[in-house]
Trainee: 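Let me give you the structure first, and then I'll get to my questions.
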Amino acid sequence: RKGAMRTLENGVTTVRDLGADQYMDIAMRNLINQGEMIGPRMFVVGYGLYVTNTPYKPGINPPAGGIADGVPEVLRVVRQQIAAGVDWIKLYGSTGTDDDVTGFETFNYDEIKAAVDTTHQFGKRIAIHSYGPDGARDAVRAGTDTLEHATDMDDATIRDMAKRGTYYVPTIDHNRYYIDNGDKIGYAPGFKDRLQAFIQRNLETTRRAHKAGVKIAMGSDAIYTMFGENTRELGWFVKAGMTPEQALQTATTTAAALLDKEKELGAVAPGFVADLAVVDGDPLADIDVAIYKVKWVMKDGAVVVDKTAATTH
């Protein structure tokens, strides 16, 4: 609940939540849609698909949600998420998360292709996580709708993304958050250097992708943490060579098209949902205005954040 409110206070009225346990994301989405809870509009994935990554333990081993090894299991788990009522499918195509910045490909191409094809057969979209270039290459080749995090992509993969219209969600800033908070979280010694090096490679890959005409969308990777800092990613996009206006498009028109909602969300126009954020200053001159100076937010025609009222003491 706090995370939902902090996200709205950033001016973020719609989110794609790419991973939850026990289908909590579906429950939260439904509560928000029914007006029982205040929060951003949510598009959710249930369990992301990942390969077996824990050793066998004697005794009863109930299957963990999301584990899929081989094409038949991939098909089953994709169908299971769709049956549960998800909006999107998520697949973890490589190692890498928290203070682990490795990017070894985990699923093979056939498994990735099976996930993509089955998702599309059901009229849904798929997001594929890959920290490294190999998972990214196979995800793009298999026809993923969006690619999350990927660094060190080769020119051929970037060209393929531009040609296919694959969306790239770099999530540069979440590693900055981990550097700031890793000691509290309990990351292993040396994490700051590892994450700092990854940030620079992530930024450079984003710069190359932007230059090549790849569609880039803002994503925070705020899954369990970082709510309230969701839009700091925009500052990195400007560092990667975007104008403030192009950076804002990654969080509005481009993000709406990524969701297949470009005729409803992401623009102020007749027939669109009334989502508005009022900021103090000109974000086209200084992107920090959009990040740090949101004063008032409307979602779907209702005011959900108002910091404009004068405080009296």
Trainee: Less than 4.5 Å apart, side chain to side chain, heavy atoms only: is that true for Glu105 and Pro133?
Mentor: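 Side-chain contact under 4.5 Å: no.
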
Trainee: If you define the side chain from C-beta out and look only at heavy atoms, does anything of Thr206 sit under 4.5 Å from Ile172?
Mentor: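 Sidechains of Ile172 and Thr206: in contact.
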
Trainee: Determine whether Val44 and Ile32 fall in the same hydrophobic cluster, where Ile, Leu, Val, Met, Phe, Trp and Tyr are linked whenever their side-chain heavy atoms lie under 4.5 Å apart.
Mentor: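 Val44 clusters together with Ile32.
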
Trainee: Applying ring pair (Phe, Tyr, Trp, His ring centres under 6.0 Å), run through Phe107 and Tyr92 and close with a yes or a no.
Mentor: CA-CA 8 Å; Phe107 286 99; Tyr92 292 93; 8.9 Å; no

Trainee: Taking the side chain from Thr157 and the backbone from Met153, do they hold a donor-acceptor pair closer than 3.5 Å?
Mentor: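 A pair under 3.5 Å: no.
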
Trainee: Which heavy atom in Trp88 sits nearest to a heavy atom in Ala127, and how many Å separate them?
Mentor: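 Here Trp88 and Ala127 meet closest at CE3-N, 3.8 Å.
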
Trainee: Can you name the nearest heavy-atom pair linking Ser94 to Gly132, along with the distance?
Mentor: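 Smallest heavy-atom distance, with atoms named: OG-N, 4.0 Å.
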
Trainee: Would Arg137 and Asp134 count as a salt bridge (charged side-chain N to carboxylate O under 4.0 Å, His left out) if you check the C-alpha gap in whole Å, the side-chain angles of each, and the deciding distance to 0.1 Å?
Mentor: CA-CA 5 Å; Arg137 179 198 64 235; Asp134 296 337; 3.3 Å; yes

Trainee: Between Ile199 and Ile179, is the side chain to side chain contact (heavy atoms under 4.5 Å, CB included) condition met? List the steps.
Mentor: CA-CA 10 Å; Ile199 285 173; Ile179 288 171; 3.7 Å; yes

Trainee: Can you see which heavy atom on Val71 is nearest to which on Asp110, and at what distance?
Mentor: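 Minimum heavy-atom separation between Val71 and Asp110: CG2-O, 3.8 Å.
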
Trainee: Are the side chains of Asp221 and Met226 in touch, meaning some heavy atoms are under 4.5 Å apart?
Mentor: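 Asp221 vs Met226: side chains apart.
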
Trainee: Please determine, by modelled atom types, if Arg16 and Thr146 share a side-chain donor-acceptor pair under 3.5 angstrom.
Mentor: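 Judged by distance alone, the side chains do pair up.
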
Trainee: For Ala4 versus Gly39, what's the shortest heavy-atom pair and its separation?
Mentor: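 In this case the closest contact between Ala4 and Gly39 is CB-CA, 3.9 Å.
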
Trainee: What's the shortest heavy-atom distance between Leu234 and Ala251, and which atoms?
Mentor: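 Nearest heavy atoms, Leu234 then Ala251: CD2-CB, 4.3 Å.
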
Trainee: Between Gln246 and Met242, is there a donor-acceptor pair closer than 3.5 Å when you use the side chain of the first and the backbone of the second?
Mentor: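 No, the answer is negative, given that no donor and acceptor are paired below the 3.5 Å cut-off.
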
Trainee: Would you say Val169 and Met218 are hydrophobically clustered, going by side-chain heavy atoms of ILVMFWY under 4.5 Å?
Mentor: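 Different clusters: Val169 never reaches Met218 through Ile, Leu, Val, Met, Phe, Trp or Tyr contacts under 4.5 Å.
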
Trainee: Thinking salt bridges, do Glu148 and Lys90 make one under a 4.0 Å N-O criterion?
Mentor: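 Between Lys90 and Glu148 there is no salt bridge, as every charged N stays at least 4.0 Å from the carboxylate O atoms.
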
Trainee: Applying the 4.5 Å side-chain criterion to the ILVMFWY set and letting contacts propagate, would Val305 and Ile291 be lumped into a single cluster?
Mentor: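 Different clusters: Val305 never reaches Ile291 through Ile, Leu, Val, Met, Phe, Trp or Tyr contacts under 4.5 Å.
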
Trainee: So do Asp286 and Asp282 actually touch side chain to side chain, heavy atoms under 4.5 Å?
Mentor: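 Result no, sub-4.5 Å side-chain heavy-atom pair not found.
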
Trainee: I need the His174 NE2 to Ser220 OG distance, nearest 0.5 Å.
Mentor: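 Interatomic distance, His174 NE2 to Ser220 OG, rounded to 0.5 Å: 9.5 Å.
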
Trainee: Can a salt bridge be assigned to the pair Asp306 and Lys295 using a cut-off of 4.0 Å between side-chain N and carboxylate O?
Mentor: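 Looking at Lys295 together with Asp306, the answer is no, because their closest N to O distance does not fall below 4.0 Å.
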
Trainee: What's the spacing between Asn53 CG and Tyr50 OH if we round to 0.5 Å?
Mentor: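 Between Asn53 CG and Tyr50 OH, I get 6.0 Å after rounding to 0.5 Å.
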
Trainee: Between Gln81 (side chain only) and Gly48 (backbone N and O only), is there a donor and an acceptor less than 3.5 Å apart?
Mentor: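 No: the side chain of Gln81 does not pair with the backbone of Gly48.
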
Trainee: Are Lys124 and Asp145 ion-paired here, with the side-chain N under 4.0 Å from a carboxylate O?
Mentor: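 Answer for the salt bridge query: no.
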
Trainee: Does a salt bridge link Asp138 with Arg141, judged by any charged N lying under 4.0 Å from a carboxylate O?
Mentor: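 Yes, charged N to carboxylate O under 4.0 Å.
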
Trainee: Which of these passes side chain to side chain donor-acceptor pair (under 3.5 Å) with His149: Thr171, Asn202, Thr205, Asn175?
Mentor: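 Exactly one option meets the side chain to side chain donor-acceptor pair (under 3.5 Å) with His149, and it is Thr171.
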
Trainee: So, using side chain to side chain donor-acceptor pair (under 3.5 Å) as the criterion, who are the partners of Thr102 when residues are at least two apart?
Mentor: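 Checked Thr102 against side chain to side chain donor-acceptor pair (under 3.5 Å); matches are Thr95, Asp100.
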
Trainee: Working to the nearest 0.5 angstrom, can you tell me the gap between Thr243 OG1 and Leu284 CG?
Mentor: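 If we round to the nearest 0.5 Å, Thr243:OG1 and Leu284:CG are 8.0 Å apart.
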
Trainee: Consider only side-chain heavy atoms of I, L, V, M, F, W and Y, link residues closer than 4.5 Å, and tell whether Leu8 and Met28 are in one cluster.
Mentor: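 No.
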
Trainee: Determine, step by step, whether Lys192 and Asp183 satisfy the salt bridge (charged side-chain N to carboxylate O under 4.0 Å, His left out) criterion, reporting the C-alpha distance in whole Å, the side-chain angles of both residues, the deciding distance to 0.1 Å, and the verdict.
Mentor: CA-CA 9 Å; Lys192 290 186 182 178; Asp183 289 322; 3.5 Å; yes

Trainee: Any side-chain heavy-atom pair from Val51 and Ile67 closer than 4.5 angstrom?
Mentor: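 Contact flag for Val51/Ile67 side chains = no.
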
Trainee: Tell me, do Ile112 and Leu91 make a side-chain contact under 4.5 Å, heavy atoms counted?
Mentor: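 Yes, their side chains come closer than 4.5 Å.
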
Trainee: For Val278, what are the other residues in its hydrophobic cluster, where any two members join if their side-chain heavy atoms are less than 4.5 angstrom apart?
Mentor: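 Traced through the cluster, Val278 reaches Val268, Leu276, Trp296, Met298, Val303.
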
Trainee: Taking all heavy atoms of Ile287 and all of Gly235, pick out the closest pair and write down the distance.
Mentor: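 Looks like CG2-CA, 4.2 Å.
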
Trainee: Looking at OG1 of Thr166 and CD1 of Ile158, how far apart are the two atoms once the value is rounded to the nearest 0.5 Å?
Mentor: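 If I round to the nearest 0.5 Å, the distance is 11.5 Å.
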
Trainee: Does Asp275 come within less than 4.0 Å of Arg41, counting only side-chain N to carboxylate O?
Mentor: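 A salt bridge is present here (some side-chain N lies under 4.0 Å from a carboxylate O).
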
Trainee: Can you measure from CD1 (Ile126) to OG1 (Thr144) and round to the nearest 0.5 angstrom?
Mentor: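 Between Ile126 CD1 and Thr144 OG1, I get 5.5 Å after rounding to 0.5 Å.
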
Trainee: First locate atom OH of Tyr167, then atom OG1 of Thr250, and finally report the distance between them rounded to the nearest 0.5 Å.
Mentor: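 Here the interatomic distance stands at 12.0 Å.
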
Trainee: Taking Val12 as the starting point, is it possible to reach Met37 by hopping between hydrophobic residues whose side chains are less than 4.5 Å apart?
Mentor: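 Result: yes, single cluster for both.
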
Trainee: Are any of the side-chain nitrogens in Asp155 or Arg159 under 4.0 Å away from the carboxylate oxygens of its partner?
Mentor: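 Looking at Asp155 and Arg159, the cut-off is not met.
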
Trainee: Inspect the contact between Arg201 and Asp152 and indicate whether a charged nitrogen and a carboxylate oxygen are less than 4.0 angstrom apart.
Mentor: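 Judged by the 4.0 Å cut-off on N to carboxylate O distance, Asp152 and Arg201 do form a salt bridge.
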
Trainee: Quick one, Met161 and Tyr168 - any side-chain contact, counting heavy atoms below 4.5 Å?
Mentor: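 Of all side-chain heavy-atom pairs linking Tyr168 with Met161, at least one is under 4.5 Å.
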
Trainee: Kindly list each side-chain donor-acceptor pair under 3.5 angstrom involving residues 257-267, sequence neighbours excluded, with atom names and distances?
Mentor:
none

Trainee: Under the side chain to side chain contact (heavy atoms under 4.5 Å, CB included) rule, what do Arg164 and Val140 come out as? Steps first, then yes or no, please.
Mentor: CA-CA 8 Å; Arg164 290 170 177 267; Val140 173; 3.9 Å; yes

Trainee: Less than 4.0 angstrom from a charged side-chain N to a carboxylate O is my criterion; do Arg29 and Asp25 meet it?
Mentor: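 Asp25 and Arg29: not salt-bridged.
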
Trainee: Does Glu111 offer a backbone N or O that forms a donor-acceptor pair with the side chain of Asn108 under 3.5 Å?
Mentor: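 Checking the backbone N and O of Glu111 against the side chain of Asn108, a donor-acceptor pair under 3.5 Å is found.
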
Trainee: Is the closest side-chain donor-acceptor distance between Tyr187 and Asn181 under 3.5 Å?
Mentor: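 There is no such pair between these side chains.
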
Trainee: Decide if the gap between the ring center of Phe104 and the ring center of Tyr131 is smaller than 6.0 angstrom.
Mentor: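 No, they do not, as the ring centres are separated by 6.0 Å or more.
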
Trainee: Take Val289 and Asp280 through the test side chain to side chain contact (heavy atoms under 4.5 Å, CB included) and record every step on the way to the result.
Mentor: CA-CA 7 Å; Val289 169; Asp280 185 7; 5.7 Å; no

Trainee: Does a sphere of radius 6.0 Å around CG in Leu31 hold more than 12 heavy atoms from other residues, nucleotides or ligands, not counting ones at 6.0 Å or beyond?
Mentor: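 Above 12, so yes.
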
Trainee: Can you find a heavy atom in the side chain of Thr14 that is under 4.5 Å from one in the side chain of Val273?
Mentor: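 No, their side chains stay 4.5 Å or more apart.
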
Trainee: Is any side-chain N of the basic residue among Arg207 and Glu204 closer than 4.0 Å to the acidic one's carboxylate O?
Mentor: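 Salt bridge: yes.
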
Trainee: For side chain to side chain contact (heavy atoms under 4.5 Å, CB included), just list the numbers for Asp17 and Val45, CA-CA rounded to whole Å, side-chain angles, deciding distance to a tenth of an Å, and then say yes or no.
Mentor: CA-CA 7 Å; Asp17 188 312; Val45 302; 5.8 Å; no

